[in-house]
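The structure appears below as structure tokens.
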Amino acid sequence: MKRITAAMMMTTMMALLISAPAAHAVDINVSVNDNYFKPKKISAVVGDVVIWKWDGYAAHNVVVTSGPQKFKSKIQSTGTFKRTIRKPGKYKIVCTLHKGMEMVLKAK
């Protein structure tokens, strides 16, 4: 009986851990300025939310050109674009409108 109770408690604990949202998740802010991202390199943990905020005057977009998760924003000159990081790995992110406007996101 004790073994069954212990096994049930362990199963319940594992289910709670798997379904619980990440307690460490944070927002990471990136400025989209006139022809550069600031910062150019960021680190994140799966579950973190990256928020790109347009601070310049020109239109830009945010496009993952390589990485484990693909996403892209619309072309815009104001506002924000948010993405929750769901997969670990290295992401190369660019503005497809401006050559050399790129950044790297490393997620664990």
Side-chain angles (χ1 to χ4, degrees):
M1 188 67 153
K2 287 182 182 181
R3 286 185 183 173
I4 293 172
T5 303
M8 288 174 55
M9 287 177 58
M10 185 63 96
T11 303
T12 302
M13 288 174 53
M14 292 300 292
L16 288 172
L17 286 173
I18 291 170
S19 64
H24 65 289
V26 297
D27 290 348
I28 301 169
N29 295 299
V30 176
S31 174
V32 180
N33 220 304
D34 291 329
N35 301 330
Y36 64 90
F37 294 107
K38 185 176 180 181
K40 288 182 66 113
K41 295 180 182 180
I42 60 173
S43 296
V45 175
V46 170
D48 287 351
V49 177
V50 181
I51 304 167
W52 287 267
K53 181 178 182 285
W54 274 250
D55 291 322
Y57 298 101
H60 301 285
N61 61 6
V62 173
V63 179
V64 174
T65 58
S66 67
Q69 177 183 341
K70 303 292 185 191
F71 52 81
K72 65 180 180 176
S73 73
K74 63 182 181 177
I75 296 172
Q76 58 194 73
S77 56
T78 61
T80 60
F81 173 69
K82 298 179 184 182
R83 212 32 107 225
T84 300
I85 303 305
R86 303 261 183 238
K87 296 182 181 180
K90 183 177 178 180
Y91 297 75
K92 181 178 178 185
I93 300 167
V94 303
C95 168
T96 60
L97 304 176
H98 299 99
K99 186 175 180 173
M101 187 173 171
E102 54 189 52
M103 66 175 291
V104 172
L105 181 155
K106 290 185 181 177
K108 293 182 182 180

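On a predicted model such as this, the values are computed, not experimentally measured, just so you know.
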Minimum heavy-atom distance Pro68-Pro88, with the two atoms named: CG-O, 3.1 Å

Path from Leu105 to Val26 over hydrophobic side-chain contacts below 4.5 Å: yes

Side-chain (Ser73) to main-chain (Val62) donor-acceptor, under 3.5 angstrom: yes

Within 6.0 Å of NZ in Lys87, more than 12 heavy atoms from elsewhere: no

Side chains of Ser31 and Lys53 in contact at under 4.5 Å (non-hydrogen atoms): no

Spatial distance of atom CD1 (Ile51) from atom OG1 (Thr80) [nearest 0.5 Å]: 7.0 Å

Hydrophobic cluster membership, Ile28 vs Val63, 4.5 Å side-chain cutoff: no

Atom pair SG (Cys95) and OH (Tyr36), whose distance is rounded to the nearest 0.5 Å: 13.5 Å

Tyr91 and Val104: CA distance, side-chain angles, deciding distance, side chain to side chain contact (heavy atoms under 4.5 Å, CB included) verdict: CA-CA 6 Å; Tyr91 297 75; Val104 172; over 6 Å; no

ring-ring contact (aromatic ring centres under 6.0 Å, His included) between Trp52 and Phe71, intermediate numbers included: CA-CA 13 Å; Trp52 287 267; Phe71 52 81; 5.8 Å; yes

Separation between NZ of Lys92 and NZ of Lys90, rounded to the nearest 0.5 Å: 9.0 Å

Heavy-atom side-chain contact between Val32 and Met101 under 4.5 Å: yes

Ala44 versus Ile85, closest heavy-atom pair with distance: CB-CG1, 4.5 Å

Heavy-atom pair of closest approach, residues Pro39 and Met103: O-CE, 4.0 Å

Considering all heavy atoms, the nearest Lys82-Val49 contact: CB-CG1, 4.2 Å

Under 3.5 Å donor-acceptor, Asp55 side chain and Asn33 backbone: no

Exercise: identify the closest heavy-atom pair between Gly47 and Ala25: O-CB, 3.4 Å

Distance (rounded to the nearest 0.5 Å) between Gln69 CD and Arg83 CZ: 7.5 Å

Sidechain-backbone polar pair: Asn61 side chain, Gln76 backbone, donor-acceptor under 3.5 Å: no

Note, Val50 side chain near Val30 side chain (heavy atom, < 4.5 Å): yes

Test item: Asn35 and His60 side chains (from C-beta on) under 4.5 Å apart, heavy atoms: yes

Co-membership, hydrophobic cluster, residues Ile93 and Val45, 4.5 Å side-chain: no

Distance in Å, Lys40 NZ paired with Lys38 NZ, rounded so as to fall on 0.5 Å steps: 12.5 Å

Atom pair CD/NZ of Glu102 and Lys99 - distance to nearest 0.5 Å: 10.0 Å

